[in-house]
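Reading through the structure tokens given below for one structure.
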Amino acid sequence: MSEMVTFRTDGAIAEAVIDNPPVNATSAGVRQGLADAIERFAGDPALKVMIVRCEGRTFVAGADIKEFGKPMVGPNLTKVIEMLDALEKPTVAAVHGTTLGGGFELALACHYRIADPATRFGFPEVKLGLLPGAGGTQRTPRLAGLATTIDLVTTGKQINARKALDSGLVDRIAEGDLAEAARAYAKELAESNAPARSAGTLPMPEDDPALFEESRKTIARKMRGQPAPLLALEAIRLGYDMPFAQALEREYAMCLEAISSPESKALRHVFAAERQVAKVPGLAADIEPRKVDKAGVIGLGAMGRGITMAIAGAGIPVTAVALDEEHLAKAMGAIEKMWGSSVKKGRMSQEQMDRQMALITRSTNPADLADVDLVIEAVTEDIDIKKVVFAELGKVTRPGAILASNTSFLNIDTLADASGRAEDVCGMHFFNPAHVMRLLENVRTARTAPDVVATIMNFGKRIKKLPVLSGVCDGFIVNRMLSKRSREGFFLVEEGASPEAIDKVVLSFGFPMGPFALGDLAGLDVQAAARKSRAATASARELRADFVEQMVAAGNLGQKTGSGWYVYDENRKASHNPETDKMIAAHAEKHGLKLREIGEEEILQRLIYAMVNEGAKILGEGVAPRPHEIDVAMINGLGFPATTGGPMFWADQIGLDKVLATIEKFRAEQGDEYWTPAPLLVERAKEAKGFYA
Ligand code: CAA
């Protein structure tokens with residue numbers, strides 16, 4: 001028997017207990033152990049019912065992702081599941097924690113299911129570019145009907161035990177200890193001579209072609225560029241086209257095909273990278289984070305409010321300090337309104353909202369931050385104002401309290417100097433809206449104490465963010481890379497590409513939005529202010545491409561005024577703006593620019609390679625410790641398509657020699673200033689390596 005599965009018996013009841021930390025994935029040892037247990041159970045006439053359950057924090061959370069792409073050792077999961085399903089004596093899955101993917105399929109192949117009340121069920125395969133490959137698309141509809149199956153299988157959404165019970169996916173919710181409850185259930189089944197009960201013997205629910213058609217449309221709209229959800233939907237249909245056993249074979253073949261797709265490879269890379277970034281290189285494992293029982297936020301504009309909501313939303317007390325009573329009232333009113341709307345939509349209970357509101361201590365006096373362990377500063381993006389705030393925070397907070405700035409591009413070293421205690425100072429850069437966006441760029445200066453780094457990484461996770469560590473530089477990872485895409489976007493317009501053509505290319509690549517539509521949404525005045533703040537370091541050509549300033553001067557600020565790069569109707573639906581054409585033509589004439597046809601490939605390469613090259617600089621300078629940080633930050637902060645694996649992974653797939661050759665071509669056409677290749681890119685390309693090599 002494998003060490004990962006223990007087989008026990010007690011009278012007529014057998015138990016196969018899986019123990020494969022951290023998440024009881026169906027690694028080779030688990031599959032072999034289960035196969036052995038099934039054979040022993042089947043071969044012993046004294047045994048009447050077998051329980052399958054897990055030790056540790058969860059029932060099986062899926063196939064072992066680390067085994068993907070490697071040769072299969074021992075029986076595959078489909079085989080084990082087939083053996084379970086075919087047993088002539090009943091089996092009971094006793095599930096808890098996150099019963100996901102192959103784990104959910106394992107449970108569905110057992111004949112009866114009992115769940116701990118806190119169990120969550122789901123098929124996250126689509127998030128890895130896959131589809132369930134061990135019967136999930138065939139057993140689920142037979143037990144729970146089409147609508148629930150489509151929702152589960154195509155979105156990766158999870159459901160709770162109550163919903164699983166109501167939809168027929170589990171038979172019972174356990175009261176008290178799960179193992180005890182499972183044994184009692186198994187005894188009951190044994191005593192009543194309950195039959196083996198394979199979900200495969202049930203009929204498919206009545207076909208609903210309209211529901212399938214609607215689901216196809218929803219997937220095309222909401223999961224653009226992802227092949228897996230559509231494949232998963234088509235796999236459900238196999239149940240209507242062929243017998244159960246054949247449908248299982250076909251489903252498995254489809255899953256294998258998906259595993260070798262570039263999208264799945266990229267998404268699996270993202271899954272691993274998102275976990276990797278939590279482990280900061282060079283930070284000794286025994287460094288204890290400082291305790292943070294209470295936090296503070298100073299500056300309650302849109303960012304400060306969002307940060308306050310994220311902290312209180314995670315159950316942590318927070319002192320929120322505004323400039324004056326008027327700003328405080330406005331900020332608290334806005335927070336109440338946002339949470340109130342979640343309550344109205346049924347996403348949050350009134351009690352939860354009341355609890356969260358009660359965690360916020362309101363203040364207009366920075367001295368009220370004397371008892372907090374961590375302050376996040378989110379005042380106006382002005383270095384002189386921030387310096388004054390940090391000098392004050394250095395005085396009013398207790399020694400050892402962490403002082404973090406939410407600045408997007410100001411120098412945190414300057415703030416560290418102002419505070420008088422540089423070792424406690426760092427950046428915590430949230431993305432707007434801060435209570436929603438997952439990414440958190442934590443910034444360490446050369447003087448930030450290691451335990452401060454450990455604390456902000458840990459705190460970020462506590463407030464349900466995805467913290468990524470960056471060093472100090474202008475714009476950190478995301479905004480620094482984005483600024484290069486924006487630069488190329490404006491240059492392309494000056495050269496003859498229309499904003500619409502550029503947006504289309506970016507959208508087809510898989511971004512949720514093109515840069516010009518995004519500019520209109522964020523507000524061209526906001527973009528103009530950002531350009532102004534960087535004017536001192538901008539080149540003459542960047543300053544010349546002053547389209548945003550021209551539109552702002554004409555009162556066209558984007559969506560909020562109904563006109564920007566595009567024009568908007570009352571429902572904010574965008575259409576072509578003839579004024580934009582006129583502006584571009586006049587700009588070209590004024591500066592003697594010759595407009596030319598620019599193909600989609602050049603548009604894409606100019607925009608994305610500019611970011612890749614900057615990413616290589618960020619990596620080479622050590623601002624990002626690894627390419628993982630860049631990929632995770634760009635996917636979660638800017639919407640870089642996850643199916644590409646992020647800019648650095650994507651460039652590796654193309655081949656850095658090819659990327660470099662194109663960058664050299666642009667350098668010859670556009671000049672050294674913008675297209676000098678990053679030394680790291682040149683080095684890796686020469687060595688025929690990737691950024692991840
Ligand atoms: N295989 C291997 N390792 C896994 C794993 C899996 N399926 N799921 C999680 N892990 C590892 C993580 O890499 C992490 O390892 P480190 O500690 O070394 O970083 C560790 O388990 C803990 O994971 P998290 O940090 O994510 O812990 P969490 O408590 O926040 O979340 C979880 C737990 C909900 C299970 C989450 O890890 C998760 O969603 N896992 C993926 C589940 C999944 O996608 N399953 C489907 C796999 S595909 C499949 O099953 C289809 C098939 O049959 C072919």
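Each ligand, and each atom within it, is numbered from 1 in the order the structure gives. For the numbers below, each heavy atom of this structure counts, side chains included, while hydrogens, waters and symmetry mates do not. Given the structure is predicted, the values throughout are model-derived calculations rather than measurements.
Nearest to atom 3 (N) of ligand 1 among the protein's heavy atoms is Lys66 NZ, 3.4 Å. Of the protein's heavy atoms, Glu105 OE1, 3.6 Å lies nearest to atom 53 (O) of ligand 1. Phe271 CE1, 4.1 Å is the protein heavy atom nearest to atom 38 (C) of ligand 1. Scanning the protein for heavy atoms near atom 45 (N) of ligand 1, the closest one is Ala61 O, 2.9 Å. Of the protein's non-hydrogen atoms, the one nearest atom 32 (C) of ligand 1 is Thr98 OG1, 4.4 Å. Ranking protein heavy atoms by distance to atom 46 (C) of ligand 1, first place goes to Pro124 CG, 3.8 Å.
Lys294 NZ: more than 12 foreign heavy atoms inside a 6.0 Å radius. Few gaps surround CD on Glu55; more than 12 heavy atoms of other groups in view lie less than 6.0 Å from it.
Screening Phe691, Tyr692, Phe640 for a side-chain contact (heavy atoms from CB on, under 4.5 Å) with Asp631, the sole residue that qualifies is Tyr692. For the side-chain contact (heavy atoms from CB on, under 4.5 Å) with Met428, the lone residue among Val443, Asn406, Leu440 that qualifies is Leu440.
One option in Leu131, Leu106, Leu100 has a heavy atom closer to atom 39 (O) of ligand 1 than any other, and that option is Leu100. When the heavy atoms of Cys255, Ala258, Gly102 are ranked by distance to atom 54 (C) of ligand 1, first place goes to Cys255. For atom 49 (C) of ligand 1, the choice among Glu125, Glu67, Arg57, Lys127 with the nearest heavy atom turns out to be Glu125. Atom 11 (C) of ligand 1 has its nearest heavy-atom neighbour, among Gly97, Pro22, Ala272, in Pro22. Between atom 6 (C) of ligand 1 and the options Gly62, Gly156, Ala63, Ala134, the minimum heavy-atom separation is to Ala63. Of the listed options Val23, Ile259, Leu130, Asn24, Val23 places a heavy atom closest to atom 10 (N) of ligand 1. Here the shortest heavy-atom distance to atom 16 (P) of ligand 1, taken over Arg268, Arg275, Lys279, belongs to Lys279.
Between Asp373 and Arg290 no salt bridge is recorded (no basic side-chain N to carboxylate O distance below 4.0 Å).
At distances below 3.5 Å, not a single donor-acceptor pair connects side-chain atoms of Arg40 with backbone N or O atoms of Ala14.
Contact of the Val92 side chain with the Ile114 side chain is registered, since non-hydrogen atoms from C-beta on lie closer than 4.5 Å. Inter-residue side-chain proximity for Ile477 and Glu629 is flagged as met; some heavy-atom pair is nearer than 4.5 Å.
The proximity of Leu128 to ligand 1, defined as any non-hydrogen pair under 4.0 Å, is limited to the side chain.
At least one N or O atom of Ile65, backbone or side chain, sits closer than 3.5 Å to an N or O atom of ligand 1.
Defined by atom type and a distance below 3.5 Å, a donor-acceptor pair is present between the side-chain atoms of Thr58 and Thr98.
Pro132 does not count as a contact of ligand 1, since none of its heavy atoms falls under 4.0 Å from the ligand. Residue contacts with ligand 1 do not include Arg120, since none of its heavy atoms lies under 4.0 Å from the ligand. For the pair Phe123 and ligand 1, no heavy-atom separation below 4.0 Å is found.
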